[in-house]
Amino acid sequence: MKIYKQITEAMITNDVRYLELLSHNFPTIASASTEIINLEAILNLPKGTEHFLADLHGEYEAFQHVLKNASGAIKRKVNEIFGNTLRETEKKELCTLIYYPEQKLNLVKDTETDIVDWYVITLNQLVRVCRNVSSKYTRSKVRKALPQEFSYIIQELLHESSMDPNKEAYINVIISTIIETHRADDFIIALCNLIQRLTIDTLHILGDIFDRGPGPHIIMDILCDYHNFDIQWGNHDILWMGAVSGNDCNIANVLRLAMRYGNLSVLEDGYGINLLPLATFAMEAYANDPCEQFMPKIDISNSTYNDKTIRLIAQMHKAISIIQFKLEAEIIRRHPEFEMEDRMLLHHIDFDKKVLVLDGQEYEMKDCYFPTVDPADPYKLTEEEADIVNKLHHSFTRSEKLHKHMKCLFRYGCMYNVCNSNLLFHASMPLNEDGTLKEIEIQGQKFKGKALLDRVGQLIRTAYFDEEDSKHKSFAMDYVWYLWCGKNSPAFDKSKMATFERYFLTDKATHKEIKGYYYLLRDREDICDYIMDDFEVVGNHRHIINGHVPVKAVKGEKPIKANGKLMVIDGGFSKAYQPETGIAGYTLVYHSRGFQLVQHEPFTSTQKAIEEGQDIKSTTQLVELSSQRMMVKDTDKGRELMIQIEDLKKLLVAYRTGLIKEKDFIKKG
């Protein structure tokens, strides 16, 4: 009767076409009622745990480990479950097994004298941990996460207790039979992977997967197979997206950064990019150049490169940098509206005096050896340079692995995301000095705030997906480069990218990049609220979550700003930034009881984690705790489920009033 009171006949009549379609999925009163009961029950489960990571920058070992240990959550659960019943060394061994089951099993079998006894104990321990991490999910959701070959057995172990005397023998026989049939190793691996998967319900990556570190391609391989994630594109991701779309400026920048950080293997081994033409050219063109300003930023003592290779990388680094400056000038000339003429600096060089002349002022140059620059036409590519650009263009646009990873970025990524009262974007929101949203003109139209990020996202997709001869694609391709280094780019938002100045000018004042007003004003709660209003972020506890700018924790900077309204979670996953931040990354964890910020210390290596049980040392800081535990009904997913429940209730009324006939009645008739 309650359903009838809530839903009027007019409501049913207005929705009858939709309800007819819905009836194909739920053809009877019984099936619709069962689904309502199921959805109502789900609404009252605790919300799943969300993990937020930013600025991974190719540090795949640390990223893998943070996923495997769920930012320390698995260790905490093992401590809670076993307490003082296990020694600390035993708990550490169990955690290492959960993180790296295949590798740890090999070590155990080399040293364990009674492997059958070890299997029995370990399988029981893993079942207890798995039972704990699966407790906040429906059986249906857990079942979908199970490996097919062990699905039935795991379900039995999770939902039957050995404490029940009627079930004790049943459980023991299952475990003993797993061991006797030599399936224990595979079963342990399956349980460990399931524990990892269930501990993190949703993963949010706030941009900058690429550049600096040695394995962005490995991170992308992991993400492409991950169970539930989204990406908010960062400036480094957009750079690569533009490169694979065919923008030669982006390609040159990608290569320059790879040389700068000595990551040739990412290009050659990861994506099959042929660097031989560039290497051959660089060795010849810069044979007499020490290229001191272009030495790669690598730890020489731990490097696999010999002196000859390092010298070659420096030559390639300089060669592609000069090519980049020439290519960028073409886009700047095509688009005066970008207002980037100040980035064309080659024609300001006085080669005789070895100075750069700007506005009548002379700036001393660290290096003035430019064998491929014609002072009469400094931005013209030589024939050899043009040939290299064409070959590199072909390599980037034809790399199957690179296209696979970019399609993953497009499928699961966007410029921003609004999820459970949180606004996620990588870098900035262009603002005026007074804190109002800055209007940015793109092709004669002005955009700001949410509309700006929507338009930018469309252009990035156009650059990749549109036909080659499309007029829309041509502009979009150029704009994707602008997003990397343009002063009004929401992915950058600085006065300039001082690449040339850092390489060539001794005056450090010229190296300064002035940040946009967002970075100055985001500490204010009212500014954060104003931005969230534009994105229609609702909720009593709403937040902006960013990456991009490393938090200098070593200098006392706090990641929590604007009275808790803003969280900046770039803590320095990139080793290049760790001296600056003093730490090695943050994970923001949002579970049913609130927010926790996990601060990580540098990760040693996967090998030490396996052999010595060395975990990442992490410190947890409570950011915001809820007075009541958050349930699924309090989330975006919960609101979707409530709409589904309302529709199903309408369908029930339609069935019971005869407006729609139950489907199996129709078949019987």
Side-chain angles (χ1 to χ4, degrees), residues 239-260 262-289 291 293-294 296 308-309 311-334 343-347 349 351 367-403 406 463-464 468-469 473-474 477-478 480-481 484 499-500 503-504:
L239 182 67
W240 279 72
M241 293 158 86
V244 78
S245 300
N247 184 300
D248 292 332
C249 290
N250 288 53
I251 291 171
N253 273 282
V254 164
L255 289 162
R256 180 180 60 78
L257 287 168
M259 304 305 156
R260 183 173 174 81
N263 287 327
L264 277 68
S265 62
V266 174
L267 296 166
E268 293 179 310
D269 303 331
Y271 291 118
I273 304 300
N274 183 12
L275 298 179
L276 184 58
L278 177 62
T280 304
F281 166 75
M283 281 193 294
E284 293 177 359
Y286 297 92
N288 301 318
D289 189 345
C291 296
Q293 305 305 322
F294 294 88
K308 187 176 180 180
T309 303
R311 161 101 171 115
L312 174 59
I313 293 172
Q315 290 171 317
M316 294 167 71
H317 186 181
K318 185 170 183 180
I320 199 64
S321 298
I322 302 305
I323 289 172
Q324 174 193 314
F325 300 140
K326 292 181 178 184
L327 291 170
E328 288 176 339
E330 294 178 20
I331 295 182
I332 294 168
R333 284 168 171 164
R334 276 200 299 271
R343 297 297 82 214
M344 294 174 61
L345 295 170
L346 292 178
H347 66 286
I349 299 173
F351 289 92
D367 175 1
C368 204
Y369 184 71
F370 296 95
T372 68
V373 174
D374 178 2
D377 192 358
Y379 301 105
K380 183 180 179 181
L381 294 171
T382 66
E383 286 186 16
E384 286 180 298
E385 286 175 328
D387 182 55
I388 289 164
V389 169
N390 288 333
K391 288 176 179 176
L392 290 170
H393 180 101
H394 184 270
S395 276
F396 270 86
T397 56
R398 296 294 186 271
S399 169
E400 289 185 17
K401 184 76 170 283
L402 196 46
H403 276 288
M406 292 305 110
Y464 184 80
E468 285 298 326
D469 57 352
K473 184 182 180 79
S474 177
M477 290 269 282
D478 288 351
V480 168
W481 168 77
W484 162 246
T499 306
F500 182 95
Y503 283 141
F504 293 110

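- Taking CG of Leu264 as the start and OG1 of Thr309 as the end, the distance is 9.0 Å to the nearest 0.5 Å.
- For Asp377, the side chain to side chain contact (heavy atoms under 4.5 Å, CB included) criterion is met by Asp374, Lys380, not counting sequence neighbours.
- Residues Glu328 and Tyr379 fail the side-chain proximity criterion, which asks for heavy atoms closer than 4.5 Å.
- In this structure, a donor-acceptor pair under 3.5 Å is absent between the side chains of Asp289 and Gln315.
- Here Cys291 contributes atom SG and Leu312 contributes atom CG; the two are 10.0 Å apart, rounded to the nearest 0.5 Å.
- Using a 4.5 Å heavy-atom threshold, the side chains of Glu330 and Asp248 count as separate.
- In this structure, the ring of Phe370 has its center no less than 6.0 angstrom from the ring center of Phe325.
- Heavy atoms only, all atoms of each residue included: Asn247 and Trp481 are closest at ND2-CB, 3.8 Å.
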task: Report the C-alpha distance between Phe504 and Tyr369 in whole Å, list the side-chain angles of each, state the deciding distance to 0.1 Å, and finish with yes or no for ring pair (Phe, Tyr, Trp, His ring centres under 6.0 Å).
output: CA-CA 10 Å; Phe504 293 110; Tyr369 184 71; over 10 Å; no
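- In this structure, the side chains of Asn250 and Trp240 stay at 4.5 Å or more apart for every pair of heavy atoms.
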message: Evaluate Ile251 against Gln324 for side-chain contact (heavy atoms from CB on, under 4.5 Å), listing each step before the verdict.
response: CA-CA 9 Å; Ile251 291 171; Gln324 174 193 314; over 6 Å; no
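- Residue Arg256 comes nearest to Ser321 through the heavy atom pair CD-OG, 3.4 Å, listed as atom of the first residue, atom of the second, then distance.
- Arg343 is linked by a salt bridge (charged side-chain N to carboxylate O under 4.0 Å, His left out) to Glu501, counting only residues two or more places apart in sequence or in another chain.
- Counting heavy atoms from C-beta on, the side chains of Leu278 and Met259 come closer than 4.5 Å.
- Pairing each heavy atom of Ala282 with each of Ala319, the nearest pair is CB-CB, 4.0 Å.
- Side-chain atoms of Cys249 and Ile331, non-hydrogen and from C-beta on, do get closer than 4.5 Å to each other.
- A pairwise comparison of heavy atoms in Thr382 and Thr372 identifies CG2-O, 3.6 Å as the closest pair.
- With hydrogens and angles disregarded, no donor-acceptor distance shorter than 3.5 Å links the side chain of Asp387 to the backbone of Glu383.
- Taking SG of Cys368 as the start and CD1 of Ile349 as the end, the distance is 5.5 Å to the nearest 0.5 Å.
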field: Audit row: Tyr464, His403, ring pair (Phe, Tyr, Trp, His ring centres under 6.0 Å) steps and yes/no
entry: CA-CA 10 Å; Tyr464 184 80; His403 276 288; 5.7 Å; yes
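- The side-chain heavy atoms of Ile323 and Leu255, taken from C-beta on, include no pair separated by under 4.5 Å.
- Between Tyr503 and His317, the distance separating the two ring centers is shorter than 6.0 angstrom.
- When all heavy atoms of Leu327 and Ala252 are compared, the pair lying nearest together is CD1-CB, 4.2 Å.
- Side-chain contact between Leu267 and Val254 is present, with at least one heavy-atom pair separated by less than 4.5 Å.
- Looking at heavy atoms from C-beta onward, Asn274 lies out of side-chain contact with His394 at the 4.5 angstrom threshold.
- The shortest non-hydrogen separation linking Gly246 to Thr397 is CA-CG2, 3.6 Å.
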